[in-house]
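Small disclaimer: the values here were computed from a predicted structure and weren't measured.
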Amino acid sequence: MENFENKKNLNGMEIERKFLVKEMPRNLENYKNINMVQGYLNTNPVVRVRKENDEFVLTYKGSGMMSHSEYNLPLNKESFDKLIKKCDGIIISKNRYKIPLECGLTAELDIFCGDLSGLILVEVEFSSVPEANAFIPPHWFGDDVTNDEHYHNSYISQYGIKA
């Protein structure tokens, strides 16, 4: 499961901040690109199925905005194909670009497709809450929407893009 990198703390925590994009980075074709399709079986707690290129995963996410528990279970294509049909709401399709930042972290730039075309978000994952709080975003990042539920994929899958 190479694409499902374990960037979480050993206790199954995901710590991330999410931003709008003020200016698109140049030369996206130079960065690793992952085609994603994901749907939500449940949004409270979050239970998601996701396809990343040719890999499949079932994810459980606990409550919390910047910091929450997250557990991934690998799926095969057949299981994914069955489960994605059981998902409620919008099936999210997006292209993710992994862009190295000068601080040694990686920006994950998500360009949404289909019904969500026009939405572009970037998130960065951290190893600790103090590291996340100390992060100074690069100039091309826009407003910090980490604590705005309207920009979380589970919300978007149910209600679409914030007006």
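Among all heavy-atom pairs drawn from Gly12 and Tyr71, the shortest one is CA-CE2, 4.0 Å. In terms of heavy-atom proximity, Pro100 sits nearest to Lys98 at CD-O, 3.7 Å. Nearest heavy atoms, Pro45 versus Lys61: CB-O, 3.8 Å. A pairwise comparison of heavy atoms in Val145 and Leu121 identifies CG2-CD2, 4.4 Å as the closest pair. For Val124 against Ala107, the heavy-atom pair with the smallest separation is CG2-CA, 4.1 Å. Across all non-hydrogen atoms, the minimal contact from Gly39 to Cys87 is C-SG, 3.4 Å.
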Going through the distances and angles, do Val122 and Tyr97 end up as a side-chain contact (heavy atoms from CB on, under 4.5 Å)?
CA-CA 9 Å; Val122 61; Tyr97 294 88; over 6 Å; no
Run the side-chain contact (heavy atoms from CB on, under 4.5 Å) test on Val49 and Phe56 for me, step by step, so that the C-alpha distance in whole Å, both residues' side-chain angles and the decisive distance to 0.1 Å come before the verdict. CA-CA 7 Å; Val49 292; Phe56 309 90; over 6 Å; no
Requested in this report: Give the C-alpha distance, both sets of side-chain angles, the deciding distance and a yes or no for side-chain contact (heavy atoms from CB on, under 4.5 Å) between Ile99 and Trp140.
Outcome: CA-CA 12 Å; Ile99 303 170; Trp140 59 275; 4.1 Å; yes
For this session: Step by step, work out the side-chain contact (heavy atoms from CB on, under 4.5 Å) result for Arg50 and Leu75.
Result: CA-CA 9 Å; Arg50 176 187 275 175; Leu75 293 174; over 6 Å; no
Before giving the answer on salt bridge (Lys or Arg N to Asp or Glu O under 4.0 Å), spell out for Arg96 and Glu123 the whole-Å C-alpha distance, their side-chain angles and the decisive distance to 0.1 Å.
CA-CA 10 Å; Arg96 173 170 285 175; Glu123 57 188 47; 3.5 Å; yes
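Between Asp144 and Arg17 there is a salt bridge, since at least one side-chain N of the basic residue sits less than 4.0 Å from a carboxylate O of the acidic one. Electrostatic pairing of Lys77 and Asp81 counts as a salt bridge here, judged by a charged N lying under 4.0 Å from a carboxylate O. Between Lys18 and Glu16 there is no salt bridge, since none of the side-chain N atoms of the basic residue sits less than 4.0 Å from a carboxylate O of the acidic one. Of the charged side-chain nitrogens involved, none lies within less than 4.0 Å of a carboxylate oxygen, so that Lys51 and Glu55 do not count as a salt-bridged pair. Using a 4.0 Å cut-off between charged nitrogen and carboxylate oxygen, Lys32 and Glu108 do not count as a salt-bridge pair.
Residues Thr43 and Gln158 have side chains in contact (heavy-atom distance under 4.5 Å, counting atoms from C-beta outward). Counting heavy atoms from C-beta outward, Ile161 and His150 have side chains that stay 4.5 Å or more apart. Tyr151 is listed as a side-chain neighbour of Leu20, based on a closest heavy-atom distance under 4.5 Å. The side-chain heavy atoms of Val21 and Leu109, taken from C-beta on, include a pair separated by under 4.5 Å. At a threshold of 4.5 Å between non-hydrogen side-chain atoms, the residues Leu58 and Leu41 count as touching. Between Thr106 and Leu101, every side-chain heavy-atom pair lies at or beyond the 4.5 Å cut-off.
Between atom CG of residue Asp110 and atom CG of residue Leu116 there is a gap of 11.5 Å, rounded to the nearest 0.5 Å. The CD1 atom of Ile84 lies 12.5 Å from the OG atom of Ser79; values are rounded to the nearest 0.5 Å. With values rounded to the nearest 0.5 angstrom, Ile120 atom CD1 is found 12.5 Å from Lys94 atom NZ. Here the straight-line distance linking atom CD of Glu70 with atom CD of Glu14 works out to 4.0 Å at 0.5 Å rounding. In this structure, CD1 in Ile111 is found 10.0 Å from OG in Ser117, a value given to the nearest 0.5 Å. Here CD1 of Ile15 is found 9.5 Å from CD of Glu125. Values are rounded to the nearest 0.5 Å.
In this structure, a donor-acceptor pair under 3.5 Å is present between the side chains of Tyr40 and Gln38.
Put simply, the side chain of His152 gets close to the backbone of Thr146: a donor and an acceptor are under 3.5 Å apart. Counting only distance, with no hydrogens or angles, the side chain of Asn42 and the backbone of Val47 share no donor-acceptor pair below 3.5 Å. Put simply, the side chain of Lys22 gets close to the backbone of His139: a donor and an acceptor are under 3.5 Å apart.
Transitive grouping of hydrophobic side chains (ILVMFWY, heavy atoms separated by less than 4.5 Å) brings Val129 and Phe19 into a common cluster. Note on Leu83: it clusters hydrophobically with Leu73, by side-chain heavy-atom contacts below 4.5 Å among ILVMFWY residues. Under the 4.5 Å side-chain contact rule for hydrophobic residues, Phe112 and Tyr155 do not share a cluster.
Within 6.0 Å of CG in Asp115 there are 12 or fewer heavy atoms belonging to other residues, nucleotides or ligands.
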